[in-house]
There are 2 protein chains.
Amino acid sequence: MANKSKMDGSIGAKNKQIILAAAEKAFASFGFKGTSVQQIADEAQLPKTNILYYFKSKQGLYVALLQDIMSLWNSRFDRVTAADDPAESLADYVAEKMTMSRTHPQASKIFAMEVLNGAPYLNKYFNTEHVAWMNGRVAIIQSWIEQGKMAAIDPTYLLFHIWACTQHYADFSAQITSLLGKSMKRADFEEATRQVIKLVLSGCELDIPRKYQE
Amino acid sequence: MANKSKMDGSIGAKNKQIILAAAEKAFASFGFKGTSVQQIADEAQLPKTNILYYFKSKQGLYVALLQDIMSLWNSRFDRVTAADDPAESLADYVAEKMTMSRTHPQASKIFAMEVLNGAPYLNKYFNTEHVAWMNGRVAIIQSWIEQGKMAAIDPTYLLFHIWACTQHYADFSAQITSLLGKSMKRADFEEATRQVIKLVLSGCELDIPRKYQE
DNA sequence: CAAAAAGTAGACCATATGGTCAGTTTTTTG
DNA sequence: CAAAAAACTGACCATATGGTCTACTTTTTG
């Protein structure tokens, strides 16, 4: 109803995707202010005016991109319940987040930059949907603790640390690449995933699910 | 010999400090490109030309600031030895890094932004001094493991995760503030520190030193 | 105390950049 | 197939910004 021919495979929708992809690449490398519309245009191989045709302004493009990125964050962990197994649920969540860091590092970087700068465009989201999500997750972890399924770890901090460790592999890849002497490949991410899972689960006094052992 | 009257309490040195402090605040909030020399001048309450008088260019000021920041990272962990106690050494390191996140969040943010953007100005440092530091620390942790003092955790990943968790509290403070409904005070940082120490040490199968229990 | 060095500051400029406009071409649709 | 809608694009503009130049004032020093 809202969007009739715009969301289809129509030429407009396709171009929007191209532009968003180009913007993601550029913003991740140079930040919002550091990226010019011209750069995005070059990356997208479209004239500059075309960019402004699809997105009212540079800021409009940025906000649209940010929205796109936030929807990527959706995970199976959103739908976990008190009846689920904490070890498997948490391990799966870590693994999913690590996969995101590997496959969408630019999205992670843009998100990080936005938060670093005080989250001017995400504050509203943080104070509404995100808090609600958080409360839901915390309640479930708390109930796992009360059921004696895992050690009494503050669920809020637990989530902070999962985010910190997993996102680190995307956000700080430049540092990691220097220190490892090579950029991380799929196998390295798998090893890193095992390490994070081990860390997180041992912090919760949980056993590592078979599928994540070695 | 190199600097005679410049490094003293002379008017020049004092102004440089004022400018660096102003630049730290501005760059942390808006990034390198997002910060104008005029903004820094306003923050420092000095005319713009004065900034360019002390630092050849905006980039020069940024590099000087980055150098300043890197020197802050020095820690007792730099001088730890194979004879030291891993539990105490690691717990102290985490505690020190958490204190840095609380007292110098802007420095942490600038560092994060630099790395996020591919570390253009830090790459040289990463590939030399930083690798050397890393190799030294990894060797010591490895020897702790060989001495049976701690579980066999990959030291490289261990350090990555310590950095990730501790720096997270500075870099993602905007998100944390929203989710906690208030900005973290000293007491919150102390609690967070205990949580990180618990996580890291349990990952290494180490007992928490008395001074960090409750 | 006079000369030199250091510090201060307004005027100015070249460039880059976000964004508008007006006109054209292509695609869709009744 | 013609009219309308969507897509495209070069020309243009106002503004912001990094940085220079020149001249003036204050501080240091021999």
Side-chain angles (χ1 to χ4, degrees), chain A residues 1-27 29-66 110 113 117 120-121, chain B residues 1-27 29-66 110 113 117 120-121:
Chain A
M1 211 126 267
N3 15 340
K4 27 191 181 186
S5 65
K6 284 202 176 179
M7 276 305 295
D8 313 351
S10 74
I11 183 154
K14 206 193 299 181
N15 277 343
K16 276 195 174 183
Q17 279 317 111
I18 292 173
I19 293 167
L20 282 169
E24 182 179 328
K25 195 168 175 180
F27 284 138
S29 294
F30 311 108
F32 177 72
K33 285 280 287 191
T35 301
S36 70
V37 178
Q38 187 61 59
Q39 272 176 71
I40 297 170
D42 292 345
E43 181 69 39
Q45 290 186 289
L46 288 170
K48 189 180 85 167
T49 11
N50 219 318
I51 311 293
L52 278 317
Y53 169 70
Y54 285 107
F55 298 90
K56 269 125 204 142
S57 65
K58 183 181 165 184
Q59 197 175 103
L61 169 53
Y62 178 72
V63 171
L65 178 60
L66 221 44
I110 291 168
M113 250 181 255
N117 292 351
Y121 299 105
Chain B
M1 214 126 267
N3 14 339
K4 29 192 180 185
S5 65
K6 282 202 175 177
M7 276 303 294
D8 314 350
S10 74
I11 182 152
K14 206 192 297 179
N15 276 343
K16 277 194 174 183
Q17 279 317 112
I18 292 173
I19 293 167
L20 282 168
E24 183 179 328
K25 193 167 175 181
F27 282 139
S29 294
F30 311 107
F32 177 72
K33 284 281 285 190
T35 301
S36 71
V37 179
Q38 187 62 59
Q39 273 177 70
I40 297 171
D42 292 345
E43 181 68 40
Q45 288 187 288
L46 286 170
K48 188 180 83 165
T49 16
N50 221 320
I51 311 294
L52 278 318
Y53 170 71
Y54 285 107
F55 299 89
K56 267 124 203 144
S57 65
K58 182 181 166 182
Q59 197 176 101
L61 169 54
Y62 177 72
V63 171
L65 177 60
L66 220 44
I110 290 169
M113 249 182 255
N117 292 351
Y121 298 105

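Below, chains carry the letters A, B, ... as their sequence lines are ordered, and counting in each starts from 1. Computed over heavy atoms, backbone and side chain alike; hydrogens, waters and symmetry mates excluded.
A/Lys58 places a side-chain N or O within 3.5 Å of a backbone atom of A/Phe32 that can act as its donor or acceptor partner.
A close approach under 4.0 Å does occur between a side-chain nitrogen or oxygen of B/Tyr53 and OP1 or OP2 of C/dG7. A sub-4.0 Å separation between OP1 or OP2 of D/dC8 and a side-chain N or O of A/Asn15 is present. Between D/dC8 and A/Tyr54, a contact under 4.0 Å exists linking OP1 or OP2 to a side-chain N or O.
The distance from atom CZ of B/Phe30 to atom C1' of D/dT17 is 16 Å, rounded to the nearest whole Å. The CD1-C1' distance, from A/Ile51 to C/dG19, rounds to 13 Å in whole Å. Going from atom CD of B/Gln59 over to atom P of D/dT17 covers 18 Å, rounded to whole Å. Atoms CZ (A/Phe55) and P (D/dA7) sit 12 Å apart, rounded to a whole Å. Separating the NZ atom of B/Lys33 from the P atom of C/dA16 is a distance of 10 Å, rounded to the nearest angstrom. Summarising the geometry, the separation between CG on B/Leu52 and C1' on C/dG10 is reported as 14 Å, rounded to the nearest angstrom. The distance from atom CD1 of A/Ile19 to atom P of D/dT9 is 11 Å, rounded to the nearest whole Å. Rounded to an integer number of Å, the gap from B/Gln38 CD to C/dA9 C1' is 12 Å.
Between C/dA11, C/dT17, D/dG10, one nucleotide has an atom nearer to the side chain of A/Ser36 than all others, and that is C/dT17. Distance from the side chain of B/Lys58 is smallest for D/dG18 among the nucleotides D/dC21, C/dG19, D/dG18. The side chain of A/Lys48 sits closest to C/dG19 out of D/dG10, C/dG19, C/dG10.
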Next on the checklist: For B/Phe27 and B/Met113: C-alpha separation, side-chain torsions, deciding distance, then whether side chain to side chain contact (heavy atoms under 4.5 Å, CB included) applies.
Outcome noted: CA-CA 9 Å; B/Phe27 282 139; B/Met113 249 182 255; over 6 Å; no
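Scanning both residues, B/Ile19 and B/Ala44, for their nearest heavy atoms gives CA-CB, 4.5 Å.
Taking CG of B/Leu61 as the reference point, atom CG of B/Leu20 lies at 6.0 Å (rounded to 0.5 Å). Separation of atoms NZ (A/Lys33) and OG1 (A/Thr35) is listed at 11.5 Å; rounding is to 0.5 Å.
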